[in-house]
Amino acid sequence: MVQPKAPSNPGRRKFLINVTSVVGAGAVAGALVPFVGSWNPSARAEAAGAPVKADLSKLLPGEMMIVEWRGVPVYVVKHTQESMAVLNKNLSRLSDPDSVEDQQPEYARNELRSRKKGISIITAVCTHLACAPKFYPQLGTTDFDSDWQGGFFCPCHGSKFDLAGRVYAGVPAPTNLPIPPHYFKTEDILIIGEDEGTV
Amino acid sequence: MVNKIMSWFDERLPITATIERHLTKYPAPINMNIWYLAGVLLVVVLVIQLISGIWLLMNYEPTAEGAFASIQYIMRDVEYGWMIRYMHTTGSSAFFALIYLHMFRGMMYGSYQKPRELLWVVGWFTFFLLCALGFTGYVLPWGQMSFWAAQVIMSLFGSIPFIGEDLLIWIRGDYLISGITLNRLFALHVVLLPLALIAVIFVHILALHEVGSNNPDGVDVKKFKDEDGVPLDTKPFFPYDIMHDLYAIGVFLIFFCFIMFFYPDGGGYLIEYVNYEPADNLKTPDHIVPSWYYTPYYAMLRAITFPIFGLSAKFLGFVVMAAGIAIFVALPWLDRSPVKSIRYKGIFSKFFLSLFVVSFFVLGYLGSVPPNPVRTLFAQIFTFTYFAYFLLMPIYSKYEKCKPVPDRVTLS
């Protein structure tokens, strides 16, 4: 049987093998790009997950409107003078009144967890098991609380949140309701799903 | 005439040689016991799953709009559709029950020890692929449990520090679990994972037939051979082993059919009742449980309720769960015992193996019921004992007193 001859210049042979291997590995990595990239959200999914616009001009103080973004409801609440005042009085019953947990964009890490005074924008997905909490703005005695200060109550497992989406202590939900990224394009036009200037 | 035809083929394809090597002359130890049936039955279940799966595929519709309805269509309108679907769901539970028994057999008799380390590692890959197949398949009916199981399991990747959020979107292909996610899990479940599973099982059997089967005594049967070089304490697989394997397959199929025909739901354990509701992304079921075969690992996930070193409890739970599944791979290198079989190992090996079994079952129970503080504490304790079996093994297996191992196999 014919046997391969030892190369006359083994150093050069080794170098060529190494270079070919590296280039080949690069080609494999390149060939992976379309297959990995194809798992990213498609243009259609991105369009469905795109920022949504809401016109708040007709929203009166004390009212709430629901905006759907990425398949989940987002609550937009316009506060009254009274409800804003209440938000500061109830802190002892909240488990994270200062929004220490990372549940909101940096610009909403403030007392009212909002970008604009008087408006709260809250993702209505309970941090317990993802039910949608219900809006109970009225004060006083309710079925679930003898001294209700206004806010959201989750019917599934009884988690309670105040009007800024901050969770009460001693309920199943572990953290405050998340605040979605958002900004105001004009005084009354709200964009949900995007921080200002990321486009 | 027949011989002539056969030799025509054999000159072109090693048919006779392959059959002799892997079937008719494969030497099986004579002291193999009932535990050695799980491997054969796993092959039977693999065939059941492949065939029933292909038939389900003929009527299943992999879209978020049509998936749930197509399952109902299979159950009600397709002739024998109900039977083929129950065959597939019962098969998935049988697959896991048998692979757990098969793995336990290996742990009992030290079948992972030298020279079978690679055989064990390859076998672990079949277990891993089976877990992936179970999960992806579970999502396909697109019921409430399918949806929310996908939600919970995929969210785990979101807990990985720094890259989690982006990774999660990449895996889902969307900002929430959607039809896009369903489609890719479908592609994985029906093409990629079964292909990979068959390939890995093929390698597993090749490796087995290279090193030979272990036996309940854990002695090396190749030490004593007859004049033809055949180990004395073995018998040919055909006709001896195949006969009692066929008997076992018959008994197994009776059990299998009994469940398939009369208790396909298994009281809510084999098919969960919540999954008879279509997926709803705005409503979470009150109590999310995985299939029974994942419950020990689900209990581990939930047992970690405290952050350590700034890593969230959710991420640590994910790590512990993954480690619980992955740690089997390390077994050949954790076991420092001079003997293979539990029959001749010392008291500590027996104790820790029993502790492992108890932990596995207790965790399995805890993973199937809603958590409360007492149950969480128990889950933490038994997660600890589960890992103790593995992590203390280098110590107790090295220093314990073993019994003398006989030269040749024993028959009771």
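Per chain, numbering begins at 1; letters A, B, ... match sequence-line order.
- Residue contact with chain A, scored on non-hydrogen atoms closer than 4.5 Å, involves the backbone and the side chain of B:Ile169 alike.
- Using a distance-only test at 3.5 Å, with no hydrogens or angles considered, no donor-acceptor pair links the side chain of B:Trp170 to the main chain of A:Gly37.
- For the atom pair A:Asn40 CG and B:Asp174 CG, the distance stands at 11.5 Å (nearest 0.5 Å).
- Smallest separation of non-hydrogen atoms from B:Tyr175 and A:Ala45: CE1-O, 3.8 Å.
- In the displayed structure, B:Tyr273 atom OH is contacted under 6.0 Å by more than 12 heavy atoms of other residues, nucleotides or ligands.
- The local environment of CZ in B:Phe125 is sparse, with at most 12 non-hydrogen atoms from other residues, nucleotides or ligands closer than 6.0 Å.
- Counting heavy atoms of neighbouring residues, nucleotides and ligands inside a 6.0 Å radius, atom OH of A:Tyr107 exceeds 12 of them.
- Judged by distance alone, the side chain of B:Arg184 and the main-chain N or O of A:Trp39 form a donor-acceptor pair under 3.5 Å.
- The local environment of OH in B:Tyr276 is crowded, with over 12 non-hydrogen atoms from other residues, nucleotides or ligands closer than 6.0 Å.
- Other residues, nucleotides and ligands contribute over 12 non-hydrogen atoms within 6.0 Å of the CZ atom of B:Arg12.
- Here the straight-line distance linking atom CZ of A:Arg70 with atom OG of B:Ser178 works out to 12.0 Å at 0.5 Å rounding.
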